[in-house]
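Structure record follows, encoded as structure tokens.
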Amino acid sequence: MPEGKGPFPGVMVFQEAFGVNQHIRNVADRIAKEGYVAIAPELFHRTAPMGFESGYTDFELVKPHFAGISFEGLEADVKACYDWLLQQPEVIHDKIGTIGFCLGGRVSYIANVVIPVSAAISYYGAGIPPLLDKVSDMHAPHLFFWGGLDKHIPQEQINAVVAGMNKAGKPFINTVISYADHGFNNDEKPAFSLDGSKEAWAMAMAFFKNKFGQK
């Protein structure tokens with residue numbers, strides 16, 4: 001929760017593939033300090049124990065939980081978070097946004113499709129092209145961040161997302177930081193980019209502020 005007197009806009013924070021770890025909790029704290037009620041759901045709750053986290057190289061540990069997610073399950077999780085925010089007296093119910101990283105970037109896209117958000121942000125969102133058949137259902141402007149050095153998400157995927165958004169006539173911003181790699185916002189990983197993370201964060205917060213209609 002932010003400090004001070006509300007009500008405030010609400011923001012859903014969606015994890016990477018490594019659980020709601022310290023990095024994601026830090027993002028939620030930063031979101032709250034910006035003046036937004038933040039909620040970061042555990043997306044692996046169907047297959048992993050409560051509080052699940054993994055190391056950034058423990059791919060075998062993550063694999064069964066990653067395989068256990070589905071569009072329907074993620075849709076249910078997004079709607080549960082949305083319903084929770086609507087129940088909070090501190091939240092402005094028509095000013096809700098999303099932000100997600102890697103896996104969470106895909107979930108932020110799904111959220112924009114399935115609930116009436118005001119703004120959505122995806123950092124290096126993997127696996128979005130197979131969901132472009134749902135792009136016409138998007139509710140809000142979407143901000144995409146990509147790393148130009150990212151070997152996990154080829155340029156073809158970025159091109160497909162841009163083409164899909166343009167074809168559907170949906171409002172979006174597409175930002176490629178040429179000197180940033182996959183995970184550039186995560187200061188716990190070697191791929192962290194101090195400049196890229198600062199610049200993307202400033203743009204992300206300006207995006208929220210504008211789309212929430214804040215002065």
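Side chains included, hydrogens not; waters and symmetry mates left out as well; all remaining heavy atoms used.
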query = So does Glu90 pair up with Lys5, basic N to acidic O under 4.0 Å?
reply = no
task = Evaluate the side-chain proximity of Ile31 to Val13: yes if any heavy-atom separation is below 4.5 Å, no if none is.
result = yes
request  = Decide yes or no for Leu131 and Ile110: does some side-chain heavy atom of the first lie under 4.5 Å from some side-chain heavy atom of the second?
outcome  = yes
query = Looking at side-chain heavy atoms only, is the closest gap between Glu53 and Ile24 below 4.5 Å?
reply = no
query = When hydrophobic residues are tied together by side-chain contacts of less than 4.5 Å, even through go-betweens, does Phe14 share a cluster with Tyr56?
reply = yes
key: Within residues 72-100 or reaching into it, pairs that qualify as ring pair (Phe, Tyr, Trp, His ring centres under 6.0 Å) - sequence neighbours excluded   = none
key: Parallel, tilted or perpendicular: ring planes of His182 versus His152, cut at 30 and 60 degrees   = tilted
query = Can you list every pair that meets side chain to side chain donor-acceptor pair (under 3.5 Å) and has a residue in residues 28-39, with sequence neighbours left out?
reply = Glu34-Trp201, Tyr36-Gln214
ask   = Got a sec, which pairs hit salt bridge (charged side-chain N to carboxylate O under 4.0 Å, His left out) with one end in residues 9-18, sequence neighbours left out?
value = none
request  = Working to the nearest 0.5 Å, report the span between CD1 of Ile121 and CZ of Phe145.
outcome  = 6.5 Å
inquiry  = When you group the ILVMFWY residues by side-chain heavy-atom contacts below 4.5 Å and let the links chain together, are Trp146 and Leu149 in the same group?
reply    = no
key: Side chains of Asn186 and Phe18 in contact at under 4.5 Å (non-hydrogen atoms)   = no
ask   = If you take all heavy atoms of Thr98 and Ala120, which pair is closest and at what distance?
value = OG1-CB, 3.3 Å
request  = Report the distance from atom SG of Cys102 to atom CD1 of Ile153, rounding to the nearest 0.5 Å.
outcome  = 6.0 Å
Please output the side-chain donor-acceptor pairs of residues 189-199 that fall under 3.5 Å, not counting sequence neighbours, one pair per line with the distance.
from   : atom 1 : to     : atom 2 : distance (Å)
Ser193 : OG     : Gly196 : N      : 2.9
Ser197 : OG     : Ser193 : O      : 2.9
Ser197 : OG     : Leu194 : O      : 3.0
Glu199 : OE1    : Tyr179 : OH     : 2.5

task = Would you kindly say whether Gln22 and Asn26 are connected by a side-chain donor-acceptor distance under 3.5 Å?
result = yes
task = Give the minimum heavy-atom separation between Asn21 and Glu188, together with the two atoms involved.
result = ND2-OE1, 4.5 Å
Side chain proximity check, Val11 to Pro9, heavy atoms < 4.5 angstrom = no
query = If you look only at pairs with a residue in residues 40-49, which of them pass as a salt bridge (charged side-chain N to carboxylate O under 4.0 Å, His left out), with sequence neighbours excluded?
reply = Arg46-Asp77
Shortest non-hydrogen separation from Leu43 to Gln15 and the atoms involved = N-OE1, 3.1 Å
ask   = What is the minimum heavy-atom distance between Ala119 and Lys211, and which atoms define it?
value = CB-CB, 3.6 Å
request  = Would you please indicate yes or no on a ring centroid separation below 6.0 angstrom for His142 and Phe144?
outcome  = yes
query = What's the shortest heavy-atom distance between Lys170 and Val135, and which atoms?
reply = CE-O, 3.5 Å
request  = With sequence neighbours left out, write down each residue that passes salt bridge (Lys or Arg N to Asp or Glu O under 4.0 Å) with Lys79, or none if nothing qualifies.
outcome  = Glu75
Residue pair Ser54 / Val62: nearest heavy atoms and the distance that separates them = OG-CG2, 3.0 Å
request  = Supply the atom-to-atom distance Phe172 CZ to Ser122 OG, rounded to the nearest 0.5 angstrom.
outcome  = 12.5 Å
